[in-house]
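The structure appears right after this line, and notes come after that.
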Amino acid sequence: MLYREAGQFKTTYAEDMAIFPIRQDRMALAILLGIAFIGVPLLADFDIWPFGSDYLLRAILLPFLILALAAIGVNILVGYCGQISLGSGAFMAIGAYSAYKLGTGVHIPLAWFDFAISIPPLPVLLAILLGGLTAAVAGILFGIPSLRIKGLYLAVATLAAQFFFDWVFLRVSWFTNYAPSGSVNAPTLDFFGLNVGTPIERYMLCLIFVTVFAVLAKNLVRGNLGRQWMAIRDMDIAAELIGIRPLYAKLTAFAVSSFIIGVAGALWAFVYLGSWEPLAFSIDRSLQLLFMVIIGGLGSIVGSFVGAAFILILPILLNLIPSELGVPLSTETITHLEFIIFGSLICYLLIKEPHGFARLISLGKEKLRLWPFPY
Amino acid sequence: MIGLGQFLEVLIGGLMSGVLYSLVALGFVLIFKASGVFNFAQGAMVLLAGLALVRSLDLLVAWGFPLWAAIIFGIGFAAVIMAITAWLIEQFVIGPLVNQDGLTLFMSTIGVTFILEGAAQMIFGSDAYPLRLFPTDAWFLFENLFPGGILVNKLDVWGGFIAGILVAGLAIFFQRTKTGRALRAVADDHLAAQSVGIPISWIWFVVWLAAGLVALVAATVWGTKLGVQFSITFLALKALPVLIIGGLTSIPGAIVGGLIVGAGEKIAEVFLGSHIGGGIEYWFAYVLALAVLLVRPQGLFGERIIERI
């Protein structure tokens with residue numbers, strides 16, 4: 001009875017086209033945002049379990065938020081535009097390293113011209129956003145092959161990006177400011193004079209980023225551009241016939257997706273890791289992001305969050321449950337078990353529910369609307 | 001200064017390791033030819049086959065079997081494991097996904113990859129195991145022509161020999177046997193093949209089994225060279241550019257592509273990598289594949305499928 005839209009009349013087109021046309025959905029979202037923005041900091045402030053310990057913030061919520069942001073980026077490319085990418089880890093790395101370079105100052109000596117390009121260290125926020133922009137440019141470059149090839153061939157092309165950039169950031173020491181170990185430290189996180197240091201501050205920062213980007217992405221995929229992407233995904237030839245330019249649609253998808261992934265990469269490096277090496281953005285990260293999108297739901301912004309949460313929480317549960325039940329497993333077994341469960345879930349979901357958990361959620365909502373009379 | 005002798009040595013070494021890439025790529029081609037599935041799991045299958053072989057060998061030798069018997073039984077055991085795997089994959093993953101688009105199937109094989117990697121290591125252990133089936137010492141050829149001669153690894157020669165036999169066997173299988181003809185019919189058109197009475201699930205089982213056995217062969221050669229360990233799955237990623245270069249549907253393409261990648265990356269590493277920091281082996285094959293894709297999307301030997309994008 002609670003979830004019923006009877007009596008909610010819409011009198012303007014704007015109301016009819018709203019993101020959440022049903023009042024209960026809006027309330028649920030408001031409560032969720034309230035908990036995220038006000039509840040969690042308050043609980044953390046008063047040291048109330050489980051938010052009192054840094055563990056939950058630092059080890060679960062922070063990576064969840066950042067990976068969900070990256071998953072939104074991947075979802076735009078793979079889920080909405082249908083261009084499969086195995087190189088998202090590389091774009092995270094591009095975002096991270098270019099933000100790092102911009103945040104610590106760029107110096108390009110051009111010996112031939114007896115001249116050097118020098119950019120002073122930029123503020124962190126600007127560096128992160130420009131890092132995303134660099135990733136977007138790289139995304140466009142690696143998206144160009146998608147105009148001639150698609151599907152599996154494109155997957156290989158994006159793998160090329162993955163391996164190439166893995167190598168670049170490992171071997172070209174200019175990117176790491178000639179750090180001898182190859183691992184670099186993020187600059188101090190100063191935002192408009194505020195230093196973001198404690199876990200709760202980092203959490204709030206990521207939350208703001210994720211909220212802003214999720215809203216932007218949701219509106220983008222609802223709008224003209226998003227519909228172009230989906231048309232290309234569903235049938236590229238038909239899309240071209242009804243006047244959609246594949247060049248423009250595909251390259252914008254690559255650009256927007258890489259921008260978001262790049263920002264997520266910069267946050268991952270700056271806010272979550274602090275100091276990192278190229279291994280943090282290897283092919284495993286790309287596959288992990290792809291799984292988040294498949295499990296959460298291809299072509300769904302909510303799905304990106306659900307998928308990210310699931311992939312992060314499953315290993316923790318696998319660690320907890322057996323030891324609670326009195327059958328402690330070795331870490332090795334847990335890793336292997338995790339592999340098997342991920343694999344089986346992916347296969348199962350692809351067979352039974354190709355639209356992932358997001359589809360299950362919307363099915364649940366449909367059922368709830370009719371409840372308790374299922375007809 | 002780099003002499004001709006060293007160049008030849010690098011070239012031969014590259015060609016020989018290219019043969020090994022081809023062995024992995026062959027498994028891909030078989031499955032793609034017969035079912036249009038791009039099998040990301042081929043590397044994991046190599047790992048599974050290798051672990052099954054090396055662990056059963058160790059066990060049999062420990063039980064006191066003579067080496068030749070242990071090798072025969074070990075290979076037999078690994079082959080049975082691959083058959084079971086093929087049946088399970090056909091039954092529970094590829095079968096239910098029939099008529100889905102290629103991308104879904106591709107992603108499902110990523111899932112299969114994870115299951116196989118996890119299961120193989122859980123059952124057979126996750127250390128690095130040495131495998132000694134072929135001689136691994138080296139020959140020196142043409143010692144009178146070049147200073148120091150040209151170093152050739154015996155194992156590589158074995159690898160080339162085995163790959164040759166395998167390709168010949170597969171060619172005969174595809175061209176001469178009834179199942180092989182049915183396979184080609186299924187590859188052309190699933191529905192038409194079904195309507196003339198070809199049992200499609202049996203055909204797919206045969207294909208995955210063949211790919212599993214190719215993986216077993218690849219595992220014996222690779223395992224002897226590098227030891228059987230988890231990193232062997234990354235070979236699959238090396239085989240992808242080989243496929244792109246050779247063409248997805250062509251068995252000779254897999255061989256030639258492997259040779260090109262193997263020789264190309266070794267030469268690039270030795271003669272170019274030394275100038276720009278080394279380690280370019282990791283991505284050279286991919287950049288080569290990217291270049292081929294832009295010029296000739298169907299690869300060197302692939303069927304030209306006319307499709308406007």
Side-chain angles (χ1 to χ4, degrees), chain A residues 78 82-84 86 142 144-168 170-173 232-233 236-237 240 246 250 283 287 290-291 293-294 298 332-333 335-352 354, chain B residues 32 38 40-41 44 89 92-97 100-123 125-126 234 237 240-241 243-244 248 273 276-290 293-295 297-299 307-309:
Chain A
V78 182
Q83 310 293 311
I84 191 158
L86 294 173
F142 275 86
I144 288 173
S146 75
L147 304 172
R148 287 206 60 184
I149 54 176
K150 60 182 181 181
L152 312 164
Y153 293 94
L154 188 64
V156 176
T158 53
L159 261 183
Q162 177 72 51
F163 285 105
F164 180 69
F165 284 105
D166 271 1
W167 176 82
V168 163
L170 192 65
R171 300 290 178 134
V172 182
S173 42
I232 289 281
R233 171 194 66 188
D236 43 9
I237 297 170
E240 204 175 344
K250 285 182 181 175
I283 173 105
L287 287 178
L290 193 62
F291 290 157
V293 171
I294 296 175
L298 285 163
E332 214 170 87
T333 320
T335 322
H336 299 153
L337 214 58
E338 212 179 287
F339 269 75
I340 295 175
I341 290 177
F342 275 153
S344 322
L345 256 175
I346 287 161
C347 292
Y348 181 79
L349 277 175
L350 282 171
I351 293 165
K352 292 290 178 197
Chain B
F32 192 81
F38 196 90
F40 197 77
I89 291 175
F92 292 105
V93 183
I94 302 297
L97 283 172
Q100 298 274 6
D101 66 310
L103 233 76
T104 312
L105 287 162
F106 171 64
M107 291 193 283
S108 75
T109 63
I110 300 184
V112 171
T113 309
F114 272 58
I115 299 176
L116 289 184
E117 280 172 6
Q121 293 185 76
M122 203 146 108
I123 299 168
S126 49
F234 291 105
L237 299 176
L240 293 178
L243 288 170
I244 296 290
L248 279 174
I276 58 169
I280 68 173
E281 255 185 278
Y282 292 107
W283 54 263
F284 183 78
Y286 282 90
V287 175
L288 207 61
L290 210 57
L293 266 183
L294 288 176
V295 182
Q298 75 273 31
E307 181 181 29
R308 271 183 58 75
I309 299 177

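Just so we're clear, the structure is a prediction, and the values are computed from it rather than from any experiment.
Contact of L349(A) with chain B is not made at all, since no heavy-atom distance falls under 4.5 Å. In this structure, chain B has no heavy atom under 4.5 Å from any part of Y348(A). If you measure heavy-atom distances from I294(A) to chain B, the contacts under 4.5 Å come from the side chain alone. Of the two parts of A155(A), only the side chain, counted from C-beta on, holds a non-hydrogen atom closer than 4.5 Å to a non-hydrogen atom of chain B. The part of L290(A) that comes within reach of chain B is its side chain, from C-beta onward, which places non-hydrogen atoms under 4.5 angstrom from that chain. Using a 4.5 Å cut-off between heavy atoms, F92(B) touches chain A through its backbone atoms (N, CA, C, O) alone.
L350(A) and M107(B) make their closest contact through CD1-C, 3.7 Å (heavy atoms, listed as atom of the first residue, atom of the second, distance). Nearest heavy atoms, L86(A) versus L287(A): CD2-CD2, 3.9 Å.
For F163(A) and W283(B), the ring centers are positioned 6.0 Å apart or more.
Ranking F284(B), F38(B), F114(B) against chain A, the residue ahead of the rest is F114(B), based on heavy-atom pairs under 4.5 Å. In terms of heavy-atom pairs under 4.5 Å with chain A, the best-connected choice from V287(B), L240(B), I244(B) is I244(B). Ranked by heavy-atom pairs under 4.5 Å with chain B, the list T333(A), L159(A), I232(A), I346(A) is led by L159(A).
In terms of the ring pair (Phe, Tyr, Trp, His ring centres under 6.0 Å) criterion, residue partners of F40(B) (sequence neighbours excluded) are, by chain and number, F106(B).
Under a 3.5 Å cut-off, the side chain of T113(B) and the backbone N or O of A44(B) do not form any donor-acceptor pair.
Atom CD1 in I115(B) sits 14.5 Å away from atom NE2 in H336(A) (nearest 0.5 Å). Note that SG of C347(A) and CD1 of I89(B) are 9.0 Å apart. Values are rounded to the nearest 0.5 Å.
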